[in-house]
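Numbering starts at 1 and runs along the sequence shown. Heavy-atom basis, side chains included; hydrogens, waters and symmetry copies ignored.
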Amino acid sequence: NPQEYEVMVTISDPQIRKKIITSLPLCTKFFSFIHPTALIMDNNVMVGKGSFIGAYSILTTNINLGAHSILNRGVQIGHDTITGPFLSMMPGSVISGNVRLGECVYLGTNSSVKEKMKIKRVKKSRKRLKKWGYSQGSNYLLLRGSSKVLYLCIHNHNKKRKKNNK
């Protein structure tokens, strides 16, 4: 009963989490949780509804964390960062300062994002990445820095490579 309970959906896959949340009744109320050991260094940190901030996480200053984000234990977010909804940061991942993240971004364990980067989901480039030997089940991200574009597979650490038939 959405009138009686508040909920939080904590499935790590951002696309599945989004699908579940958007299927709930519109009147559903969501709560956020910030672990007592998490360090929020400034009052200018906005946490979106339905978000989870895990143990020993550090959020510096001027951060806007999108709704329904999951920050697992020990993650760090640098200054002047804006994230879209449904962000998933796995243990030990780090976002440097002045970063922009789109919707449904997944950062795997111990991954890092360099300062001044923009990240969004890749939709149309899966064929190209598959051609390079990444498995279809991987989550791909498109990173855009100043003028460079880099395709990166973060989620699937056990990626399958095609063997060279010579």
Side-chain angles (χ1 to χ4, degrees), residues 1-35 37-38 45-59 63-77 81-96 99-113 117-144 149-162:
N1 180 356
Q3 300 301 325
E4 189 174 343
Y5 299 104
E6 291 184 323
V7 299
M8 175 188 292
V9 180
T10 56
I11 295 170
S12 65
D13 185 310
Q15 294 165 346
I16 294 173
R17 189 167 65 248
K18 178 181 178 183
K19 193 176 209 178
I20 291 169
I21 289 168
T22 55
S23 70
L24 294 172
L26 290 176
C27 59
T28 302
K29 295 178 186 170
F30 298 95
F31 72 95
S32 294
F33 174 79
I34 301 173
H35 193 275
T37 61
V45 173
M46 307 301 292
V47 177
K49 68 180 179 179
S51 294
F52 174 88
I53 300 176
Y56 303 104
S57 294
I58 300 172
L59 284 76
I63 296 168
N64 191 340
L65 186 65
H68 307 290
S69 293
I70 305 279
L71 277 56
N72 212 311
R73 67 187 185 285
V75 306
Q76 299 178 32
I77 301 180
T81 294
I82 299 172
T83 75
F86 308 105
L87 168 67
S88 287
M89 293 180 70
M90 296 302 107
S93 55
V94 177
I95 298 173
S96 296
V99 170
R100 302 293 179 262
L101 302 179
E103 180 179 288
C104 293
V105 171
Y106 182 101
L107 298 176
T109 301
N110 291 324
S111 62
S112 61
V113 178
M117 295 293 285
K118 293 181 182 178
I119 300 177
K120 63 180 181 177
R121 277 191 305 156
V122 172
K123 293 181 180 179
K124 298 179 180 174
S125 299
R126 288 186 189 269
K127 285 183 183 177
R128 183 179 304 149
L129 288 166
K130 190 174 180 184
K131 180 180 170 185
W132 293 343
Y134 291 96
S135 67
Q136 197 166 4
S138 300
N139 283 340
Y140 305 108
L141 300 177
L142 172 62
L143 285 79
R144 288 185 186 266
V149 176
L150 168 69
Y151 293 95
L152 177 66
C153 173
I154 293 180
H155 176 55
N156 189 350
H157 298 288
N158 299 317
K159 56 187 173 264
K160 298 175 185 173
R161 296 260 181 205
K162 291 182 182 177

Residue list, side chain to side chain contact (heavy atoms under 4.5 Å, CB included) with Asn64, at least two apart or on another chain
Met46, Ile82
Nearest-0.5 Å distance that lies between atom CD1 in Ile95 and atom CG in Leu65:
8.5 Å
Hey, could you give me the OG1/CG distance between Thr81 and Leu101, rounded to the nearest 0.5 Å?
7.0 Å
With a 4.5 Å limit on heavy-atom distance, are the side chains of Leu87 and Leu71 in contact?
yes
State which residues pass side chain to side chain donor-acceptor pair (under 3.5 Å) with Thr10; sequence neighbours excluded, sorted by chain then number.
none
Check: Pro85 and Lys18 side chains under 4.5 Å, non-hydrogen atoms:
no
Give me the atom names and distance for the closest heavy-atom approach of Met8 to Phe31.
CE-O, 3.3 Å
Among Val105, Ile21, Ile70, which residue meets the side-chain contact (heavy atoms from CB on, under 4.5 Å) test with Phe86?
Ile21
Could you list the donor-acceptor pairs under 3.5 angstrom formed between side-chain atoms of residues 48-56 and any protein atom two or more places apart in sequence or on another chain?
residue : atom : partner : partner atom : Å
Ser51   : OG   : Gly48   : O            : 2.9
Ser51   : OG   : Gly66   : O            : 3.2
Ser51   : OG   : His68   : N            : 3.4
Ser51   : OG   : Ser69   : N            : 3.1

Nearest atoms (heavy-atom pairs only) where Ser57 meets Asn72
OG-O, 3.1 Å
For Arg100, does the CZ atom sit with more than 12 other heavy atoms under 6.0 Å from it, leaving out its own atoms?
yes
So which atom in Thr109 and which in Met90 form the shortest heavy-atom distance, rounded to 0.1 Å?
N-CB, 3.5 Å
Measure the OG-CG distance between Ser88 and Leu107 for me, rounded to the nearest 0.5 Å.
8.5 Å
Quick one: side chain to side chain contact (heavy atoms under 4.5 Å, CB included) partners of Val94, sequence neighbours excluded?
Gln76, Ser112
If you look only at distance, which donor and acceptor atoms sit under 3.5 Å apart when one is on a side chain in residues 23-30 and the other is two or more places apart or in another chain?
residue : atom : partner : partner atom : Å
Ser23   : OG   : Lys19   : O            : 3.4
Ser23   : OG   : Ile20   : O            : 2.7
Thr28   : OG1  : Pro25   : O            : 2.7

Taken to the nearest 0.5 Å, the spacing of Ile77 CD1 from Leu59 CG works out to 4.5 Å
